[in-house]
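One structure is given here, and the rest of the page talks about it.
A, B, ... follow the sequence lines: proteins, then strands. Residue 1 opens every chain.
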Number of protein chains: 2
Amino acid sequence: MKTNLKTDILKKLYFERELSCNEMSAFFKKSIPVISKAVNELIADGLVAEGGLAPSSGGRRPVMYSIKPDEMYILTVAMDQLSTRIGIVDMQNNYVSEIKMIELHLLNNNDSASQLATIINNYIDNSGIERARILAAGIGMPGFINVNEGVNYTHLPTEGISLVDFLQKHTGLTIYIDNDSSLIALSELRFGIAKAKKNVMVINLGWGIGLGMIVDGTLFRGHNGFAGEFSHIPLSEDGGLCTCGKQGCLEAEASMLVVAEKAIAGIKNGRVSSLQQSLNDKESKLAGDALMDAANKGDQYAIELLTEAGFKIGKALAILIHIMNPESIVLSGRGARVGKILSAPIQQALIKYSIPRLAVNTELLISELGFDGELIGAAVLVMENLNMKSKIIQAAVA
Amino acid sequence: MKTNLKTDILKKLYFERELSCNEMSAFFKKSIPVISKAVNELIADGLVAEGGLAPSSGGRRPVMYSIKPDEMYILTVAMDQLSTRIGIVDMQNNYVSEIKMIELHLLNNNDSASQLATIINNYIDNSGIERARILAAGIGMPGFINVNEGVNYTHLPTEGISLVDFLQKHTGLTIYIDNDSSLIALSELRFGIAKAKKNVMVINLGWGIGLGMIVDGTLFRGHNGFAGEFSHIPLSEDGGLCTCGKQGCLEAEASMLVVAEKAIAGIKNGRVSSLQQSLNDKESKLAGDALMDAANKGDQYAIELLTEAGFKIGKALAILIHIMNPESIVLSGRGARVGKILSAPIQQALIKYSIPRLAVNTELLISELGFDGELIGAAVLVMENLNMKSKIIQAAVA
DNA sequence: AAGACTTTTTTAAAAAATTTAAAAAGTATT
DNA sequence: AATACTTTTTAAATTTTTTAAAAAAGTCTT
C-alpha cells in the first residue's frame with residue numbers, strides 16, 4: 001500500500017474529524033476499494049478507529065472513521081514579542097493539558113531560543129504526556145521566516161545553526177515553525193470561517209498588522225516565504241515613523257499598539273474616557289487589550305480611535321482587493337474581538353478607495369477563532385507537514 | 001490511451017518546440033513506455049513528427065519530437081481601446097499571415113463586438129488559411145473579464161448573450177478571451193523572460209498599468225477573474241482625477257497616457273524639447289509613442305517625465321513586493337521599450353518604500369517580447385485551453 | 001408491514017500503468 | 001578498433017487501479 005495515501009487520509013481525518021469511505025473516495029478521487037484497503041490498514045496499525053453510523057438520506061448508513069485521539073499528540077506554541085502560549089492537543093484537537101502563558105521577550109534577547117527550548121521541555125515534563133507520543137511541535141512566531149530552511153531572520157537568533165535544528169537538538173522533537181499570520185490563516189482555512197474556501201485574505205490584527213494568504217486553497221508563502229508583509233506597505237506620505245525605519249507604514253498608522261499609544265497620549269491631554277483609570281501607568285501592549293475591552297463596552301473615545309484605525313486598514317484592504325480579487329477577507333488575530341467596530345469604517349474606506357465591481361465580490365468576515373487562531377494554526381502546521389518521515393507514523397505503519 | 005495525456009503532450013511540445021521521450025517522461029512523471037505509446041499515436045494521428053537527433057553527453061542520441069506546424073493554426077487577436085491587431089500562427093509559433101492592425105474604438109461603441117467579428121472573418125478569408133484548420137481564436141482585450149463565463153463587463157457589449165458565444169456564432173470558431181495584461185503575463189511565462197519561473201509579477205505598461213500574476217507557475221486570476229487590477233490602487237491622497245472616477249489612482253499618476261498628456265501641456269507652456277514638433281496636434285495616445293521614441297533618443301524632457309512616472313510605479317511595486325514576495329517583476333507591454341529608463345527611478349522608489357530584506361529578493365527584469373506579448377499570449381491562451389473538445393483534435397485523434 | 005428504492009460496502013474480474021530486464025543504438029576512451 | 005559506458009527502445013511481468021456486479025443495510029412510501 002502506498003503509504004502516501006495513508007498519511008493523506010490521516011491528515012484529512014484530522015481536519016474533518018470523521019469521514020466515511022465514500023466521502024474519502026470522492027475527495028481523493030480514488031476508487032472505494034483503494035480507500036477501503038488503506039483505511040483497514042490504518043485500523044490494523046492502531047491509528048484509526050471505526051465510529052458510529054452517520055445518518056443517511058435513504059440508504060445504507062455509512063460507517064464513519066476517525067483518528068484515535070490518544071495515540072499521538074501535537075505540541076502547539078504561539079509566540080508574540082512579549083509572551084508565549086503553549087499547549088498540547090490530541091488528534092481530535094482537544095487540549096489534553098492546560099494552555100500556559102509564559103513571559104518571553106524576543107526583542108534584543110540573544111538567549112530567547114534556548115529559553116524557548118526550556119519552556120517546551122518543562123511544559124512537556126509537567127504535562128503527563130509521554131514525549132515519544134508527541135508527533136511534532138508547531139511554533140508560530142513573529143518575524144521574517146524561511147519555512148524551508150527553518151530560519152527566523154528577525155528573532156530568536158541561533159548561532160551557526162538554524163532555529164529548527166537548534167530546537168530539535170534541545171527538545172528531541174520534530175519542529176515546524178512559521179510566521180504567526182500564516183498560522184492564523186491556516187487555522188481559519190482548516191477550522192475557521194474560511195473553511196474550504198479557495199481564495200481568502202486573513203488579516204492578523206495585533207501589535208502589527210499581518211496578512212496570511214490563502215490562494216487556490218493553500219497557504220501562499222511567496223518566493224522566500226515573506227509574502228503577506230502587509231504591515232509595512234507605504235500607505236501615506238507623511239505618516240508617523242515606523243519601527244522599521246520608514247514612514248507612513250500601515251502598522252505605524254493603524255496597529256492596535258499605535259491605537260493604544262494614541263489613547264494614552266489623548267488621555268494625558270485631558271480627553272474624557274472610561275479608559276482614564278485602566279490605562280494609568282500600563283504598558284501600551286496591555287493598554288491595547290484594555291482599549292478593546294472599553295470599546296466593546298461602548299466607550300466613545302476608544303470607539304473613535306478604532307474607527308480611525310479601521311478606515312486606514314480599509315484603505316490598505318482596498319489595495320489588497322485590487323491585486324488579489326479574493327472571495328473573502330477575514331479579520332482575525334487578537335483584534336478580531338473588535339471586528340464589528342472596525343467593520344463599518346473598513347467598509348467605508350473600501351467604498352471610497354476601490355472600484356465597486358471589485359469590492360462587491362469580496363465579503364468581509366470576522367473570525368470566530370480570534371486569539372486562539374495561532375495555537376490552532378500551529379497544530380494545523382504540524383498536520384500539513386505530516387509524512388512518512390515521522391517516527392511515530394513509521395512505527396505504527398511498519 | 002488516455003487522450004488527456006496526448007493533449008498534454010501537444011501543449012508541452014508547443015511550448016518547448018521539441019522534446020525527447022525521456023524529457024517528457026521526466027516532466028509528466030509517467031514511464032517511458034507510456035509516453036512512447038502516446039507519442040507514436042500522435043504521429044499516427046498526423047499531429048506530431050519525428051525531428052532530428054539531439055546531441056548527447058556520451059550515450060545514444062535522443063530522437064526529438066515536435067508538432068507538425070501546418071496541420072493546425074491559431075488565430076491571435078490583441079486589442080486595445082483604439083486598435084486591434086490580428087494574426088495567424090502555426091503550431092511552431094510562426095506567423096503564416098501578415099499581422100494586420102485595424103482601427104476599432106471600444107469606448108462608447110455598441111457595435112464593437114460585431115465589428116470585431118467582421119474583422120476576424122475578413123482576415124481569415126484573405127489569409128489563404130482554411131477555416132477548418134484553425135484550432136481556435138485567442139483574443140486579448142482591456143476590461144473586466146470573466147474568463148469562465150466568456151464575458152467582458154467593460155467593453156464589447158453583446159445583448160443577452162456572452163461575448164464568447166456571440167463571436168463563436170458569428171465566426172464559427174472556438175473563441176477564448178482574456179484580459180490583455182493576463183495574456184502578456186502568459187506570453188512572458190511561456191516564451192519570454194519569465195519562462196518556467198514560478199512566481200512572477202508582469203507589469204503591462206501601456207495606456208493603463210496592468211498586472212498579470214504568475215503564482216505557482218500558472219496565471220492567477222482571483223475569485224472572479226479580476227485579480228491584478230493594479231491601475232486603480234489608491235496611491236496618493238491628492239492625485240489627479242482618474243477615468244474610473246476616483247482620485248490618486250496609479251493609472252492617473254503614471255500611465256504612458258498621462259505622461260503624454262503632461263508632455264503636451266508642458267510644451268504648450270513653453271518647455272523646450274525635441275517633442276515640440278512631433279507632439280503638435282497629435283492625439284495623446286500617438287503622443288505616447290512619440291514620447292517614448294524621444295526618450296530613447298535622449299530627449300531630456302521626455303526622460304524627466306518618464307523618471308517621474310517610474311518613481312510612482314516603483315512605489316506601487318513596493319506594495320506588490322510586500323504582499324506577493326515575487327521572485328521577479330517584469331516590465332512588459334508597449335512601455336517595455338523605455339524599460340531601461342524606468343528601471344532607475346523604480347529601483348530608487350523600491351529602496352525608499354520597501355523593506356530591504358524583501359526588495360533584494362525580487363529582481364526587476366525588462367521584457368524582450370514587448371509589444372508582441374499580447375499577440376503571443378493570445379496564442380498561448382488557446383494552447384492552455386487545448387482539450388479533447390476541439391474538433392480538429394477529435395478528428396485527428398479519433 | 002411489505003416492497004421499492006437508495007446508498008454503502010464487498011468481492012471479483014478487467015484494464016491500465018509502471019517497473020524490470022534486456023536488447024539496441026550510439027559515444028568516448030584506451 | 002575494441003571495450004566500457006550512456007541512453008533509448010522494446011517487450012514481458014508485476015503491480016495498481018478501475019470497473020462492474022452483487023450483496024448488505026437501511027429508508028421511505030403506500
What is the distance, to the nearest angstrom, from the [atom1] atom on [X] to the [atom2] atom on [N]?
X        : N       : atom1 : atom2 : result
Phe28(A) : dT17(D) : CZ    : P     : 13 Å
Leu5(A)  : dT17(D) : CG    : P     : 8 Å
Tyr65(A) : dT9(C)  : OH    : P     : 6 Å
Glu50(A) : dA25(D) : CD    : C1'   : 14 Å
Lys29(A) : dT16(D) : NZ    : P     : 23 Å
Ile32(A) : dA12(C) : CD1   : C1'   : 15 Å
Asn40(A) : dT10(C) : CG    : P     : 7 Å
Asn22(A) : dT10(C) : CG    : C1'   : 13 Å

| task | Under the salt bridge (charged side-chain N to carboxylate O under 4.0 Å, His left out) rule, collect the residues that match up with Lys169(B), sequence neighbours excluded. | result |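 Expected list: none.
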Hits for salt bridge (charged side-chain N to carboxylate O under 4.0 Å, His left out) against Lys11(B), two or more places apart or cross-chain, chain-then-number order -> none
Would you mind telling me which of [options] lies closest to the side-chain atoms of [X]?
X        : options                  : value
Arg61(A) : dT17(D), dT27(D), dT8(C) : dT27(D)
Lys30(A) : dT18(C), dT17(D), dT9(D) : dT17(D)
Pro33(A) : dT9(D), dT8(C), dT18(D)  : dT18(D)

### Query
Would you call Lys68(B) and Glu50(B) a salt bridge, taking side-chain N to carboxylate O under 4.0 Å as the test?
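Salt bridge flag = no for Glu50(B) with Lys68(B).
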If you measure from the Lys or Arg side-chain nitrogens to the Asp or Glu carboxylate oxygens, is any gap between Glu384(B) and Arg190(B) under 4.0 Å?
yes
### Query
Taking OP1 and OP2 of dT7(D), is either one under 4.0 Å from a side-chain nitrogen or oxygen of Ser20(B)?
no
